[in-house]
Structure formats: C-alpha cells, structure tokens
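Working notes for the structure below.
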2 protein chains.
Amino acid sequence: MNIYDVSEHAHVSIATVSRVINGNPNVSEKTRQRVLAVMEELGYTPNVFARSLGLNTMKTIGIMCSDSSDPWLAEAIYYLEKELRSNGYDSILCCSGYLPETKKKYLELLCSKRVDAIILTGSHYIEARPKDNAYLLETAKDIPLMLVNGSLEGEQIYSTVCDDHAAVCSAAASLIKSGRKSILYLYSGNSYSNLRKLSGYRKAVRDAGFTVKEELMVLCQKDLDAAMEQLKKLSSSGIHFDAVLAAEDILAVGAVKYADQAGIKIPEDLNIIGYNNSILSRCTTPEITSVDNKVEALCTTTVNTLMKVLNNGNVPAKTTITPELIKRGTTNF
Amino acid sequence: MNIYDVSEHAHVSIATVSRVINGNPNVSEKTRQRVLAVMEELGYTPNVFARSLGLNTMKTIGIMCSDSSDPWLAEAIYYLEKELRSNGYDSILCCSGYLPETKKKYLELLCSKRVDAIILTGSHYIEARPKDNAYLLETAKDIPLMLVNGSLEGEQIYSTVCDDHAAVCSAAASLIKSGRKSILYLYSGNSYSNLRKLSGYRKAVRDAGFTVKEELMVLCQKDLDAAMEQLKKLSSSGIHFDAVLAAEDILAVGAVKYADQAGIKIPEDLNIIGYNNSILSRCTTPEITSVDNKVEALCTTTVNTLMKVLNNGNVPAKTTITPELIKRGTTNF
DNA sequence: TTGTAGGCGTTATCAG
DNA sequence: CTGATAACGCCTACAA
C-alpha cells in the first residue's frame, strides 16, 4: 500500500497524490476529492520512513534526562512531550543516568538517530569544570541543544533556567529574618545548579552578617533515609541547627521525619524548607514550605524557544524564570 | 556524507561498506580495517532514515501512558525505556490523557509513525465495556500491543498484569483478621484494574462473613485534598470506619492527614493501607503499609515478552505477577 | 571476497 | 493544474 496504489486507483500521477497529501493548493478540488476518497477507501497512510529520507527530518526531538522516575524530571518530561506534540513533534525519551561516560554515549546515540534537536532535562548535564562540558559544545555543532534548568554558553545552545541562586538566597534570608540563627544547608550533588544554590545560601548568610560555617553545609545522598541518618548524626555530634534548608524536597521530608523521631517541634524548634514544590512537600505533617521552580513554565518556554530555533527565528540564548516560595507549615514567617 | 563517500575514500564498493557496517563476515580483515578507518576519519554515521526505509523498521517502540508525571507511570516508563534500550530499541513517548477519543487518536498517531510495537502502560487503557476496547483489537491487527497492568484478549495482544484482585483481597483479609470491622474502600476510577481491586475487597468482606456495605466503597478524585475532604464528610455524616483501604497511595496519604487533623490515632483507632508502594507511602508519619505491585518486574517482563514476539517466538498471551504487601506503621498486624 | 544494480516510498523539479 | 523523473541513502540478491 503506497502512493502508487493510490495514484492508480485515482487515475492520477503519484505527484498529484503527493500534492494532496501535503496540502499543496495546485490541485483541482475535484481531483483532490477523488484522491482523498481513494486514500480513505484503501486505508492509505504515508510512509514516514520514505518521507524522512527525502526531507531529512523525522520531526522528532530527543528528550534526555538522567532518570525519568525522579518526580521533578517526570513532570518536566510530561510537559515537554505534551508541548512538543502540540507542535507536531514526536519525542524520543532517553534516560542517561548520572555517569559522564553514559551521558556522552547516549547523547551520541540520540544524535545518530538524526533527531531534530535534543533537550537536556535537569541540571545534571552541566558540570562545574568547562572541559567536562566540551562534548556538549561538540554535539551542538550538529544540532540545537536545549537546556532545561541548566546553563551553558555556545553556538546552537539555548538555556532556560530557574534562578536557583536567588531562590535559595531569598529563602535563607527569610529564615534569618524570622529569627533563625543556624541554618543547615542540605544538598545532594555538585552539579552546576547545586553549586548555584549553595552560593545563594552563602550569600544570604554573609549578607545577614553571620559567618558561613562549613559544618552547616552538608552533602547527603538524595534519599529519605540518608537524610534522616545524616541529621541524626550531625545532631548527636554536637552540631546545632534551628532550620534546615534542603536542595530537594525528599531531603526536607527526611528532615521532618528526623524531627518527628527526635521529638523536635516544627516549626517552633526547627524550620524546614524544601525545593521543587513537589507532591512530596504536601505529604508530611506539617506540610513543607518549598521553592516552586516552575517546571511547567521552564518546559513550555523551552519548547517555544526550540520551535523558533527550528524555524530559523531569532531567539535569546538564555531565558531566566523566577521561582516562588510556597509557604506552608514547616516555617513560621 | 554517505556510504558512497566512504566507499570512494576506501576504494571499495558501497556493498562492502554496507557489509562492514552490518558486521557481515564476508569481508577480509584488511578491507574491514581500511573501511573502518575511513568511516572514523570522515566521521560517518549511517543514515537511519534510509535504513528504515529499506528494512521497514526503525527499531522503535511506542510507549503510551495517560500521564507520565504520575509517579507509578513515571517509574514504569523509566524501566521500560531502560530495558528497551538495552535491547537496542528506542522509545517514543506519548501521553494520551484519560479521554477515550484522545487515547484512540494518539494510538493511531503512533501507528502512523510505524513503530514496531506499542506498549500501553497502566490500567487506564482497558475499559469495562468490550466495545470501548474495540479500537485496540483493530490496532493489534497491524502491530503487537503490549499491556502493562491491563488485560485484554486478542490476536497480537499480550498482557502482563499484577494480580490486583488477590492483592486487595488479601490486604482486606489481613485487616479483618486483625480485628477491623468496618473497612472503607477508597478508589478513584472505574478502569478494569480498579474494578478488579474493588471485587477483591468485596470478596474479602464476604469471605469473612460480613455484609458488603455500599456506603463503605467510596469513589474519590485521585488527589490528596479530595481524599481528606471525602473522609471528613463521610465521618461527619455518621459513617463509621476503623480502616481505610486505598486504591492509590496518594489517597492513603490523604487518609493519614485526615486522621491527623481529626485527632484519630494511627494505627490504634484507624488502619490505613495504600497501593503501589511509592515513595509517597514513606513520607508520612507513620509510614503507610502499601501493596507493592512490582513495577519493575511488570516492565522487564513486558519488554522480554515483546522481544520474543518481535523475533517470532512463542509467548503466552498473559503473564501474571504476584504483588506483595509491605507492612509499615499504619497497620498493626 | 567483492561489485553491480534494483528497490524501498516519498518529495521536488521541471516540462507541458 | 498535472505528469514524468531524478534524487534521498541504504540493503541485498545476484553475478563475478
């Protein structure tokens, strides 16, 4: 079942059938109707492979992320796919994990599939050392690269980010203003975004005239139990804190459970702020104050930008979105 | 940059280059090395579009789900993509929403993309009335359809399901055995899976010699606040219950929060069981006893079956996986 | 072991 | 407005 069959049944050439398929106006209404009728009758569908070969595009975007089961990334993927599809694009999903080698390998794999562009979702793709990002610049010579919540400068690289630095800085400032003296900063990695958040924390502490204490900035696995254990250990080793500012909601949940077990009152004796405003922040009692970093806005902006790029439009290399602090029961300001 | 360029530079025919690309043994080692060197030097990558056209396959599977940001579906997608990729297949993601028309529309869309098979993820694709599933049978005439946690009989349709009926039945039985008299069953839809769960609940109640009360089987939006409000309303309207068996973890979280607010003690005065054993079940205090319906096993089994199908192997039309009750703090058995 | 030639199903360019 | 024909890049008999 191909274009020849249709052309035969409709008594026209394949060129005319092709014109009908592609909405070319240079076809008489009568012919168009006849061709459409035959296509319907034969149940004909154009072969996308042949079309791709000719046009050298499949109208498909690669969506890369480290782990699509992560709630934040899952939500991002949802919005990206939806937005891309409404623009007529398919999405090939590719979970790369967190290792540099596999990230590179999968990026190349996706490229070899000749996708029209690749969206790198989440902050895990940008490393602190420029040389670790070199492969991205290399890939971007071939196809556009879109970063969601990551930032990198380069030809054909477009970033849409949430201002994590400002968000953490302002959250920490709020805690300090409400009387908190020792804010524990809990984070789970050294990605660019994590470092930006950390620097936001440092700034807020300095701005308030306090000294930044190394022992109050704690690296911890991105895991509920790990966070609880970490806090328990810190506390019993004599480190005092009256607030926990977490770089991930799941760590904040760990903080709530730690307080529960230790008999510490929230928010009276301990304030807690999470990050991402995910459903996790609403499962605990009290519910967790959390930074909403606007997944949906990040994703729709990314896709809009991409569409302009693919249409050779002029677009900014970087768009910044402003996060918002959602106040709930774990803080008292 | 195509196979002709490579053949020229390597002083061989395109057939030989093609053989090297495809690992055909009928090439002298010397020639192979020369060709490989040229490919490397030119940075040649085979054009997948041309290849797809000839072979009539892109080695791509369509993954359909209603909403990829749902935690359970997100996890399923993660495992599916990973497993497919390790078998050399790409995944095109397609979120269809919950409406019958859009589900049908997107299924056809995916088909027109000539994917090798479609995986329907989650129980939302099977409706109670056979006529509502007719379009699936129709599609399966063209390509294999794999159901993850849904079951339908038909040519080229393969189902991998978790025994939801048994799981709910046994969970309810455990509650009854531990002395609970009035178990409220909270669910959020009328999909095939939901109806199976409900019937498991009914069975357990009947088996225990109790009468099944309609007012104890409550339909509720799949939402935290909706669940809380629903329970509050039921309670104040005089309906008594000493256990909540929820068809979704998020509903169980709602139950915990309801008890918190109403000053009801868990598990002494109220038992709660959730479903899916998602991270949500670990965020509350106490943590929620939940049915683990084995997402990973469901997904790897599905992909394994699919691979056999695509290799014309003989495979069962239906595989059932046994769920497991994970006991935590919201029950006392 | 290697090369030649035909086919996969479109789209696009011309010529009419 | 319509038709013939040449790409698009690869795979694979078949021939040598």
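Throughout, protein chains are lettered first and strands after them, A, B, ... in sequence-line order, and every chain is numbered starting at 1. For the numbers below, each heavy atom of this structure counts, side chains included, while hydrogens, waters and symmetry mates do not. The structure presented is a predicted model; accordingly, all values stated were derived computationally and were not measured.
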Over how many whole Å does the gap from [X] atom [atom1] to [N] atom [atom2] extend?
{"X": "B:Lys59", "N": "D:dC11", "atom1": "NZ", "atom2": "P", "value": "13 Å"}
{"X": "B:Asn26", "N": "D:dA16", "atom1": "CG", "atom2": "P", "value": "18 Å"}
{"X": "B:Asn24", "N": "C:dG3", "atom1": "CG", "atom2": "P", "value": "13 Å"}

Quick one: does [X]'s side chain get under 4.5 Å of [Y]'s, heavy atoms only?
{"X": "B:Lys113", "Y": "A:Thr60", "result": "no"}
{"X": "A:Cys111", "Y": "A:Ile118", "result": "yes"}
{"X": "B:Arg19", "Y": "B:Val35", "result": "no"}

Exercise. Indicate, with a heavy-atom threshold strictly under 4.0 Å, whether A:Ser52 touches base, sugar-phosphate, or nothing.
Key: nothing

Exercise. Classify the nucleic acid contact of A:Val48 as base, sugar-phosphate or nothing, counting any heavy atom under 4.0 Å across all strands shown.
Key: nothing

What are the atom names and distances for every N/O pair under 3.5 Å that joins the protein to nucleotides 9-12 of chain C?
from: C:dT10; atom 1: OP1; to: A:Tyr44; atom 2: OH; distance (Å): 2.6
from: C:dT10; atom 1: OP1; to: A:Asn47; atom 2: N; distance (Å): 3.1
from: C:dT10; atom 1: OP2; to: A:Ile3; atom 2: N; distance (Å): 2.6
from: C:dT10; atom 1: O5'; to: A:Tyr44; atom 2: OH; distance (Å): 3.3
from: C:dT11; atom 1: OP1; to: A:Asn22; atom 2: OD1; distance (Å): 3.2
from: C:dT11; atom 1: OP1; to: A:Asn22; atom 2: ND2; distance (Å): 3.2
from: C:dT11; atom 1: OP1; to: A:Arg51; atom 2: NE; distance (Å): 2.9
from: C:dT11; atom 1: OP1; to: A:Arg51; atom 2: NH2; distance (Å): 2.8
from: C:dT11; atom 1: OP2; to: A:Ser18; atom 2: OG; distance (Å): 2.7
from: C:dT11; atom 1: OP2; to: A:Asn22; atom 2: ND2; distance (Å): 3.3

Practice problem: Note the angle between the end axes of the helix from C:dT1-D:dA16 to C:dG16-D:dC1, five pairs defining each, rounded to 10 degrees. | Solution: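 End axes: 40° apart.
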
Quiz prompt | Side-chain N or O of A:Ser28 closer than 4.0 Å to phosphate OP1/OP2 of D:dT2 | solution = yes

Quiz item: Who pairs with A:Lys104 by salt bridge (Lys or Arg N to Asp or Glu O under 4.0 Å), at least two apart in sequence or on another chain?
Solution: none

Practice problem: Could you tell me whether B:Glu29 atom CD has more than 12 heavy atoms of other residues or ligands within 6.0 Å of it? | Solution: yes

Self-check item: Short N-O contact, B:Lys105 and B:Glu108, less than 4.0 angstrom
Solution: no

Self-check item: Distance-only donor-acceptor check, side chains B:Asn149 and B:Trp72, under 3.5 Å
Solution: no

Quiz prompt | A:Lys82/A:Thr300 under side chain to side chain contact (heavy atoms under 4.5 Å, CB included): CA gap, chis, key distance, verdict | solution = CA-CA 9 Å; A:Lys82 198 166 124 176; A:Thr300 53; over 6 Å; no

